[in-house]
Amino acid sequence: MVEPAPLPRPAGGPITSQLNRQVPDYLRGLNPEQKDAVMTTEGPLLVLAGAGTGKTRVLTTRIAHILNQRMAWESQILAVTFTNKAASEMKKRIHEFVPNFEGLPWMGTFHSVSARILRAHAELVDLKPQFTILDTDDQIRLIKQLLAADNIDEKRWPARQFANMLDGWKNRGWLPKDVPASESGYFANGKGGQLYYDYQARLKTLNATDFGDLLLECIRLFLENPEVLAEYHRKFKYMLVDEYQDSNTAQYLWLRLLAQGKPAPEANICVVGDDDQSIYGWRGAEVDNILRFEKDFPGAKVIKLERNYRSTANILKAASTLIAFNEDRLGKTLHTDIAEAGETISFTQVYDSEEEARTVGEEIEQYQRAGEPLNSMAILVRASFQMRELEERFITLGLNYRVVGGPRFYERKEIRDALAYLRLVAQPADDLAFERIINVPKRGLGDTTVKTLMETARHQNVSLLSATRMLTETEELKPKQRTTLRGLVDQFDNWAYRAENLAPYQLVEQILEESGYMDMLAADKSAESQGRKENLKELSRSMEEFESLGGFLEHISLVMDRDSAEASDAVTIMTLHSAKGLEFNTVFLTGWEEGTFPSQRSMDENGRAGLEEERRLAYVGITRGRKRVRISAAQNRRIHGLWQSAMPSRFVDELPPDAVTVTDRGSAYGGYGYGGGATSRFNKADPFESLYETPGWQRARANQANRKGGGPMTIEGELVARSVDLGGQSSGYTVGERVFHLKFGYGDVKSVEGNKLTIEFEKAGMKKVLESFVQKG
DNA sequence: ACAGGGGCAAGTTGG
DNA sequence: TTGCCCCTGT
């Protein structure tokens with residue numbers, strides 16, 4: 001991973017010695033716009049910072065400046081980010097300016113700051129201060145219970161779907177009463193709205209919130225208790241927000257409430273963002289928030305950072321030309337002071353995704369031989385299913401790689417199990433944790449037993465653990481189960497007792513041992529069990545710095561990320577989304593095919609807005625590269641196990657021809673070259689009306705008309721070879737159907753044998769082809 | 001109570 | 001293709 005240039009340390013040592021200097025050291029090396037953004041501390045400020053323009057540096061310097069000039073105490077600054085990673089990066093970099101800096105108490109994610117505020121005033125929103133924060137997994141299990149209780153068919157109305165809807169509502173700042181029937185009515189034939197009420201009621205019973213509630217309940221707290229809000233108005237003198245383009249409506253409301261302590265022209269709020277890098281619309285982010293900042297805060301100053309310190313002129317030109325195809329943007333143009341244009345961007349079309357993986361692998365090795373570290377190279381894909389082929393190829397090559405964004409540490413089963421034990425010790429009312437571990441490891445307590453426990457809990461209106469305690473005193477359960485439960489309850493009492501004096505990391509080790517969890521892993525012969533044991537050790541190690549169990553659980557529910565700064569030299573494979581904010585010398589952008597990127601689904605669901613978000617994703621991808629960007633498209637790709645062909649992405653056509661070099665490896669197989677040029681720009685008035693109207697398809701048609709017979713005979717061999725792994729697939733085509741083939745053009749199906757079709761093509765004559773190579777005509 | 005097989009769907013991700 | 005969920009058989 002490439003570290004940004006280190007910030008200059010203040011030469012004068014402690015802050016006091018720097019007071020009253022005219023130009024503090026930390027301002028040196030900033031360009032005029034950056035300096036302006038740092039020094040404009042009073043009033044609302046919008047910093048539009050393009051990719052690679054030193055956004056983080058401006059934010060951190062600004063905070064350092066405020067502290068240095070003693071404009072505010074640390075506790076009077078509120079700095080919010082979206083990710084823990086961004087927050088810790090900011091803390092680290094401020095520390096470089098201010099050696100005796102002890103950490104800003106109010107610097108963190110929206111969610112962690114909200115949680116902190118909520119714990120201080122929990123009783124005002126019907127919670128107890130030690131409330132649990134549920135993650136997505138808990139949330140879904142809770143919803144499943146509600147669906148079951150309401151006799152809603154979970155197949156027809158999946159819990160996950162409701163969770164997504166719920167998330168969307170909460171992102172928009174809607175409490176149960178605010179959800180319009182037109183939104184909620186759809187789910188489970190009109191029961192959606194009521195489910196939201198029931199869900200919230202369950203959360204209160206569990207003394208829990210989900211992530212969305214951290215913000216929503218905070219907003220409710222402020223609205224219903226003006227004196228509490230006023231307290232924070234007095235408290236925060238300066239507010240800063242990073243990645244403002246990613247904010248959703250709830251976050252927006254939260255911010256406005258906090259920022260409006262003073263009349264708008266005096267609110268010291270600084271938001272930093274880039275509308276061109278807004279790629280989380282599907283998650284509820286509203287680009288509109290950044291677009292209307294000047295209206296929200298009349299008199300706001302706007303500073304654009306357009307000087308890019310990262311990429312070559314060719315890369316910037318490509319990115320700028322591409323993003324200019326978007327209509328919804330504030331409009332910035334990146335430029336650089338570097339005179340050299342650098343390498344041109346390369347675009348390569350290959351036969352299929354396997355060849356793409358092969359080519360990328362070869363090129364990486366080539367650069368590696370030329371002395372480039374693997375750490376400086378990355379492959380960015382649109383969707384994670386594209387990673388597998390790359391990984392397989394790299395394993396074959398023995399090429400060291402690392403995948404970013406796989407299942408995260410805390411999402412692993414064994415970690416979640418261990419956490420469930422700890423949660424139950426800390427909060428005996430945590431029924432979700434109880435359900436998770438009651439029979440893990442296996443104790444012979446099955447559905448029947450759990451059902452009895454749940455019934456008792458509901459009737460007596462107590463937690464599952466209390467219900468268990470009660471049932472060990474009665475004859476309701478079979479003796480075997482009763483004994484087991486008695487033992488379990490005793491264990492939990494014991495652990496809770498020990499939790500008072502024992503360090504959390506010791507407690508977790510003892511729990512895992514005494515519960516039989518370690519024995520279970522030891523007995524497990526599968527390849528994974530060793531890794532699970534190591535993960536649990538890692539968990540215990542990460543707990544060493546925590547003195548109380550409560551403190552650790554708070555941390556884990558909000559952070560739950562393992563920052564694994566792996567030291568070894570490896571190529572990074574990750575999605576475009578997770579690459580935002582990073583940079584690499586060499587970037588490979590694979591899978592630039594219509595349907596894959598831009599994603600068909602995105603366009604179908606969100607039309608032009610969807611397409612524009614995809615384009616911003618392309619922009620993010622290109623601007624990750626410092627020296628070299630290599631784009632590729634495969635003519636054929638296996639999607640969900642079926643081979644499908646596709647045209648190169650329309651985004652390829654939107655790159656400036658003079659900054660791009662085209663290498664067409666696909667041509668040997670009858671592919672077509674890169675059309676390029678202004679003539680093949682796609683029709684902006686109607687960009688997603690039909691896939692077949694895109695320039696790629698137009699070119700393909702023109703090409704197949706010129707080419708007639710298609711490629712050399714090797715294709716046939718290739719096709720036959722492929723039919724092996726497709727054998728037995730039943731055909732989706734019928735005799736007489738009209739189809740379109742990438743190389744042979746239009747034709748009619750003459751016969752069908754499994755997945756092989758005999759087609760009479762208009763231009764190419766009779767051919768046998770696999771159905772996966774044709775499209776319905 | 002629990003293991004194994006069949007059916008079905010499949011996106012990007014943060015807290 | 002894989003992975004998850006449900007159902008069935010022991």
Side-chain angles (χ1 to χ4, degrees), chain A residues 80-87 108-115 133-140 144 153-156 158-161 164 167 170-171 209-216 243 246-248 250-251 279-285 353 380-389 392 404-408 410-411 439-440 442-450 478 480-481 484 554-561 574-581 591 595-606 610 613-614 616-617 620-621 637-644 725-726 729 772:
Chain A
V80 279
T81 61
F82 281 82
T83 64
N84 289 300
K85 201 174 152 200
T109 60
F110 277 95
H111 292 87
S112 66
V113 173
S114 292
I133 300 166
L134 301 185
D135 66 17
T136 320
D137 203 79
D138 296 318
Q139 200 185 6
I140 290 195
K144 278 187 179 166
D153 180 10
E154 227 244 277
K155 266 196 180 144
R156 207 150 146 232
R160 182 163 299 277
Q161 190 188 349
N164 286 336
D167 222 38
K170 292 192 172 185
N171 283 340
T209 72
D210 59 19
F211 287 126
D213 272 4
L214 290 176
L215 287 157
L216 275 190
E243 304 277 17
D246 288 340
S247 61
N248 61 37
Q251 285 154 342
I279 54 175
Y280 287 108
W282 50 273
R283 212 167 69 183
S353 41
L380 310 182
V381 299
R382 175 62 181 78
S384 48
F385 75 84
Q386 295 167 256
M387 292 179 179
R388 176 174 308 190
E389 269 174 320
E392 281 168 5
V404 174
R408 278 169 301 174
Y410 75 90
E411 280 168 354
N439 204 28
V440 179
K442 302 258 186 304
R443 300 185 173 94
L445 300 168
D447 290 345
T448 333
T449 315
V450 174
K478 293 200 190 103
K480 189 162 161 268
Q481 272 76 12
T484 313
E554 170 76 2
H555 168 90
I556 205 76
S557 61
L558 287 167
V559 179
M560 295 216 281
D561 218 359
M574 64 178 144
T575 62
L576 287 160
H577 282 94
S578 44
K580 187 156 73 112
T596 299
F597 188 46
S599 137
Q600 192 59 48
R601 213 168 138 179
S602 181
M603 292 187 289
D604 289 347
E605 286 169 15
N606 296 305
E613 183 152 312
E614 296 287 307
R616 290 192 291 269
L617 210 40
V620 166
R637 181 179 298 279
R638 199 150 58 174
I639 297 172
H640 307 323
L642 295 172
W643 284 94
Q644 312 210 314
D725 32 293
L726 284 169
Q729 201 83 44
S772 50

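In what follows, chains carry the letters A, B, and so on, assigned in the order in which the sequence lines appear, proteins first and then strands, with residues in each chain numbered from 1. Note that this is a predicted model, so its numbers are computed, not measured.
- Following rounding to the nearest Å, A:M387 (CE) and B:dA10 (C1') show an atom-to-atom distance of 16 Å.
- If you take atom P in B:dT13 and the same atom in C:dC4, they sit 16 Å apart, rounded to whole Å.
- What separates CZ of A:R283 from P of B:dG11 is a distance of 17 Å, to the nearest Å.
- Across B:dG14, B:dA3, B:dG11, the shortest atom-to-atom separation from the side chain of A:N171 is found for B:dG14.
- Using a 30° and 60° split on the angle between ring planes, A:F211 and A:H111 fall in the perpendicular class, above 60°.
- In terms of phosphate contacts, A:N84 brings a side-chain nitrogen or oxygen within less than 4.0 Å of OP1 or OP2 of B:dG15.
- In this model, no side-chain donor or acceptor of A:T109 finds a partner on the base of B:dG15 within 3.5 Å.
- The side chain of A:S557 contributes no N or O atom lying less than 4.0 Å from OP1 or OP2 of B:dG15.
- Across all strands, A:D210 comes closer than 4.0 Å to no nucleic acid atom at all (heavy-atom distances).
- Per the geometry, CG belonging to A:D137 stands 9 Å off P belonging to C:dC5, to the nearest Å.
- For the pair A:N606 CG and B:dG11 P, the interatomic distance rounds to 16 Å; values are reported in whole Å.
- Nearest to the side-chain atoms of A:D167 among the listed nucleotides B:dT13, B:dG15, B:dG11 stands B:dG15.
- In this structure, the side chains of A:N606 and A:E613 stay at 4.5 Å or more apart for every pair of heavy atoms.
- When heavy atoms are screened at a 4.0 angstrom cut-off, A:S114 is found touching no nucleic acid atom at all.
- Backbone-only engagement by A:S384 is indicated by non-hydrogen atom pairs under 4.0 Å involving sugar-phosphate atoms exclusively.
- Of all nucleotides listed (C:dC5, B:dG15, B:dT12), B:dT12 comes nearest to the side chain of A:A383.
- Donor-acceptor pairing under 3.5 Å, judged by distance alone, is present between the side chain of A:R382 and the base of B:dT12.
- If you check every strand for non-hydrogen atoms under 4.0 Å, A:E605 touches a base.
- Here A:N439 reaches the OP1 or OP2 of B:dC2: one of its side-chain N or O atoms lies under 4.0 Å away.
- Of the residues near DNA chain B, A:T448 and A:E613, the one whose nearest nucleotide (by heavy atom distance) lies more toward the 5' end is A:T448.
- Residue-nucleotide stacking is not present for A:Y280 and B:dT13, judged by a side-chain ring centre under 5.5 Å from the six-membered base ring centre and planes under 30° apart.
- When the C1' atom of B:dA9 is taken as reference, atom CD1 of A:I639 falls 15 Å away, rounded to whole Å.
- A donor-acceptor distance shorter than 3.5 angstrom exists from the side chain of A:N248 to the backbone of A:Q251, with no hydrogens or angles considered.
- A heavy-atom distance below 4.5 Å is found between the side chains of A:R382 and A:L617.
- Computed from coordinates, the A:E389 CD to C:dT2 P distance equals 12 Å when rounded to whole Å.
- One can place CG of A:L576 at 13 Å from C1' of B:dT13, the figure rounded to the nearest angstrom.
- Put simply, A:T575 has a side-chain N or O that comes within less than 4.0 Å of OP1 or OP2 on B:dT13.
- Across all strands shown, A:D604 has no heavy atoms under 4.0 Å from either base or sugar-phosphate atoms.
- Salt bridge annotation for A:K580-A:E243: present, with a cationic side-chain nitrogen under 4.0 angstrom from a carboxylate oxygen.
- B:dA10 has A:H640 stacked on its base ring, the centres lying under 5.5 angstrom apart and the planes within 30 degrees of parallel.
- Classified by interplanar angle (parallel below 30°, tilted 30° to 60°, perpendicular above 60°), the ring pair A:W282/A:H577 is perpendicular.
- Rounded to an integer number of Å, the gap from A:R156 CZ to C:dC6 C1' is 19 Å.
- Between the A:D246 side chain and the A:Y280 main chain, no donor and acceptor come within less than 3.5 Å of each other.
- If you check B:dC2, B:dG11, C:dT2 against the side chain of A:R388, the one that comes closest is C:dT2.
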